[in-house]
Structure formats: C-alpha cells, structure tokens
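Let me begin by presenting the structure, written as structure tokens, before commenting on it.
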Amino acid sequence: MIVFYSEEHRLQSGRSELNDGQLVPCYEKPARADIVRDRLDTIGFDPVQAPEPHGLAPLERVHDAGYLAFLQTAWTEWVEEHGDWDALPLNWVAPGMHRRVVPRSIDGRLGYYSFDAGTPITAGTWRAATSAADSALSGADRLRAGDRSAFALCRPPGHHAGKAFYGGYCFLNNAAIAAQSLRDGGAARVAVLDVDYHHGNGTQEILWERGDALFVSLHADPVEEFPYFSGHADETGAGAGEGANLNLPLPWGTDWAAYAETLDVAAGRIRAFAPDALVVSLGADTYGGDPISRFRLLSEDFLRMGAAIAGIGLPTLFVMEGGYAVDDLGVNVANVLTGFEDA
C-alpha cells in the first residue's frame, strides 16, 4: 500500500486551544503524523512518498471560493491586527442573527467561517492544509491508476471542515476532496466511510444533497459528544442525496463487540450502494486510551477493523483523521492498514 506524506504538515503547529474552559496545548500536533510514519517504516510498509501538487482547482470543486481566499490571507491579516500568536475566534452566529454579509474585520471573519475555538490558524496553516489535501488527491490518483489501496497520512485532518467553515482541527476536507477527484476521474459513485470517534459533520454537509456519493459514519452519539449539532440517526440527506447519508451514533463506552456489529451494518449499506471506490476517514480516536474520547477499542481491534473494511471489496483510499493517544497512535493506525492488507 503506497503512503503519501508531506513534511509540510509541521507548519500547522498551534500553541493552544480552548478546551474545558482552559487554554491548553493543542492535542492536534505534529507528533501525531510523525509517530504514524515511524511505525509504518518500522513494520516495512512501502516507502513513503511526497504528494504531487494539485493546485487550487480540486479544492474549489468542494469548498467555497471566498472561504479558500480567507484561509490564504487570514494569518497575515491577524498578525497585522493582533500580533504574532495563534488566531482564535471571538464569537459566532446565534439563533436570530444572520450570515448574509461577510464581516470586513479579521475577528468577524474568524467567527463567520469557524465553529469552535479549538482550531488555531497559524503562520503555516494554509501550506499544511493544502499539503494534506495533496496527499489525499495523490492517493486518489493511485486508485484511478489501478491500485487496490492507498493511505494519505494527512495532517491537519479534514472531516469537520465544510464547504465554507472550519473547526475540529480541520480546514480542508481531505476525504471529500479525494471523493470528488475520484468522481471527476470517472467513478460513477463513491462512498465515504467515516470511522473517526467524532461525527464528520463537514463531510456530511458537503455531500448532503449528493446522490452520487454515499456518506456513512460511525461515531459517538452527538447528544453526548462533539460536534453535538450534527450526526443524529435521522439525518439522511436531502434532495438528490435523500437516503445517501447514514449516521450510526454509538454511546460512550462502546467496545469492539458493539462497534463490529455496527461496522457490519455500515459495510452492508456501502455494498448496496455499489460504489466504484471507497474513501475511509480513518480516525483512531476510538481507542480506549484516547485522551479526548470515550470508546473502548483495543489496539488489536484495529486489525479487525481493517479486515472488515477490506471485506467490502472496493478500491480503498484511507485518509488520516483524528487520534490523540500519541504513544499508541502509530500502532493503531498501522494495525488498520495491516488488517486491510492481510485480509
């Protein structure tokens, strides 16, 4: 399985995020990607390759042009206004307010385009985010070339980013960008399977009215867990996408037995959709030792997860999402890929 990875991920290195009422060191940090790469090297995966640059065009197929322009200039404007420290938003739209006009000030636009205070924009955010998207796009290129699988070791992650918003450590939706690239490259239908602990609200929003792309997500129930306002079972899509969105929320404390049963439901829905390719939003924060998650999967369960995904029987692109138990993250991610390869 070819692995795509860019050293430019290090350029996204926030100093702090707002969590539980405190500014704390960012959970989403460069060590996450480093330890996954090191583990893949240790167990003998194919040599890691740098992604090919793909430019703005594939990003514009998924994201709003105004939003992309904001991401490119936000840091410069922030520094001019406030100085050289992480850019975090001050306020957001509440019921009864509106988003009809994009504010002129950088503070207003941070609130306009974001949904949390845990996702700092830094000097290197744009370059890191586009390098992650290039990794996903390079993986999609390999599937089109006939490879059975590929892994995009994306950082920052992407599945919380919508057409015109960021949050949850995500700026560009790497999985949706790859899925669109596969469609543009000839796939009639594409499925996205999200196995991150948190609901992929951005991917759902992007694909909500699409009948050519199925979104299936296993995640912690939003009545208990971030992002809270997306991911309920009754969210099934709209318009052409009605029925092409399947949320499978699970309670805190979910172990492999319950997770495996639900993953089987997800696999059945994907097979019924009969896509030409599968994109997997691979979050390993379902692990029992994850510091900001509450499932109970063990490291060996990730081998079983990979085998179950292989059983769907589709060309598959894995795109890295969450996972914050850094010491164990490399083993857990590698186990998914190894389980897939060995199935």
Side-chain angles (χ1 to χ4, degrees), residues 9-33 63 67 70-71 74-75 78-79 82 84-94 106-126 128-129 132 154-175 194 196-205 217 219-231 252 281-287 289-295 319-326 329:
H9 81 87
R10 302 178 194 284
L11 297 174
Q12 174 61 16
S13 185
R15 301 170 191 172
S16 59
E17 63 176 85
L18 186 63
N19 191 294
D20 295 336
Q22 301 180 63
L23 281 174
V24 299
C26 292
Y27 287 102
E28 206 296 289
K29 54 190 177 182
R32 297 180 60 250
H63 291 288
Y67 172 65
F70 158 77
L71 288 178
W75 175 251
W78 173 264
V79 171
H82 296 295
D84 183 11
W85 55 81
D86 293 355
L88 291 172
L90 176 66
N91 64 297
W92 296 274
V93 177
I106 184 59
D107 290 280
R109 274 180 289 136
L110 287 168
Y112 183 90
Y113 285 119
S114 72
F115 71 88
D116 72 10
T119 311
I121 290 179
T122 74
T125 294
W126 175 249
C154 296
R155 188 187 163 270
H159 72 148
H160 293 304
K163 295 176 186 176
F165 62 80
Y166 72 94
Y169 311 142
C170 303
F171 301 96
L172 298 174
N173 195 305
N174 306 309
D194 194 321
D196 191 277
Y197 173 80
H198 303 94
H199 180 248
N201 59 297
T203 312
Q204 174 171 292
E205 187 255 358
S217 179
H219 54 269
D221 195 320
V223 300
E224 300 176 313
E225 193 59 82
F226 181 95
Y228 300 110
F229 311 112
S230 179
W252 282 347
S281 275
L282 176 55
D285 43 2
T286 49
Y287 177 58
D290 196 276
I292 58 173
S293 306
R294 302 199 189 189
F295 282 179
V319 175
M320 188 69 202
E321 302 287 1
Y324 309 99
V326 175
L329 182 60

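- The two residues Asp84 and Arg15 make their nearest non-hydrogen contact at O-NH1, 3.0 Å.
- Side-chain contact check for Val326 versus Lys29: some heavy-atom pair is nearer than 4.5 Å.
- The NE2 atom of His63 sits 4.5 Å away from atom CG of Leu172, with the distance rounded to the nearest 0.5 Å.
- Rounding to the nearest 0.5 angstrom, the gap separating the NE2 atom in His198 from the NE2 atom in His159 is 7.5 Å.
- Side-chain N or O atoms of His199 include none that pairs as donor or acceptor with a backbone N or O of Asp194 at under 3.5 Å.
- The heavy-atom pair separating Phe171 from Ala129 by the smallest distance is CB-CB, 4.1 Å.
- Residues Tyr166 and Asn173 fail the side-chain proximity criterion, which asks for heavy atoms closer than 4.5 Å.
- At least one side-chain heavy atom of Leu329 sits under 4.5 Å from a side-chain heavy atom of Met320.
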Practice problem: Take Glu224 and Arg294, measure what side chain to side chain contact (heavy atoms under 4.5 Å, CB included) needs, and give me the verdict at the end. | Solution: CA-CA 10 Å; Glu224 300 176 313; Arg294 302 199 189 189; over 6 Å; no
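- Of all heavy-atom pairs spanning Pro120 and Gly14, the tightest one is CG-CA, 4.0 Å.
- Counting heavy atoms from C-beta outward, Asp285 and Asp196 have side chains that approach closer than 4.5 Å.
- Here the shortest heavy-atom pairing between Asp86 and Trp78 reads O-CZ2, 3.4 Å.
- Here side-chain hydrogen bond (donor to acceptor under 3.5 Å, both in side chains) pairs that include residues 113-123, with residues two or more places apart or in two chains, are Gln12-Thr122, Trp92-Ser114, Asp116-Thr119, Thr122-Thr125.
- Ring-plane geometry between Tyr324 and Tyr169 is classed as perpendicular, the angle between the planes exceeding 60 degrees on a 0 to 90 degree scale with a lower cut at 30.
- A pairwise comparison of heavy atoms in Tyr197 and Glu225 identifies OH-OE1, 2.6 Å as the closest pair.
- One finds the NE2 atom of His160 at 9.5 Å from the OG atom of Ser230 (value rounded to the nearest 0.5 Å).
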Practice problem: Step by step, work out the side chain to side chain contact (heavy atoms under 4.5 Å, CB included) result for Leu88 and Leu18. | Solution: CA-CA 9 Å; Leu88 291 172; Leu18 186 63; 5.5 Å; no
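- Under the 30°/60° scheme for interplanar angles, the aromatic rings of Tyr228 and Phe226 are found to stand perpendicular.
- For the atom pair CH2 (Trp126) and CG (Leu11), the distance works out to 13.5 Å, reported to the nearest 0.5 Å.
- Interatomic distance, CZ of Phe70 versus OH of Tyr112, reported as 11.5 Å (0.5 Å rounding).
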Quiz prompt | Steps toward side chain to side chain contact (heavy atoms under 4.5 Å, CB included) verdict (His219, Asn201) | solution = CA-CA 11 Å; His219 54 269; Asn201 59 297; over 6 Å; no
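- Of all the heavy atoms in Ala175 and Glu321, the pair that sits closest is CB-OE2, 4.1 Å.
- A heavy-atom distance below 4.5 Å is found between the side chains of Val319 and Cys154.
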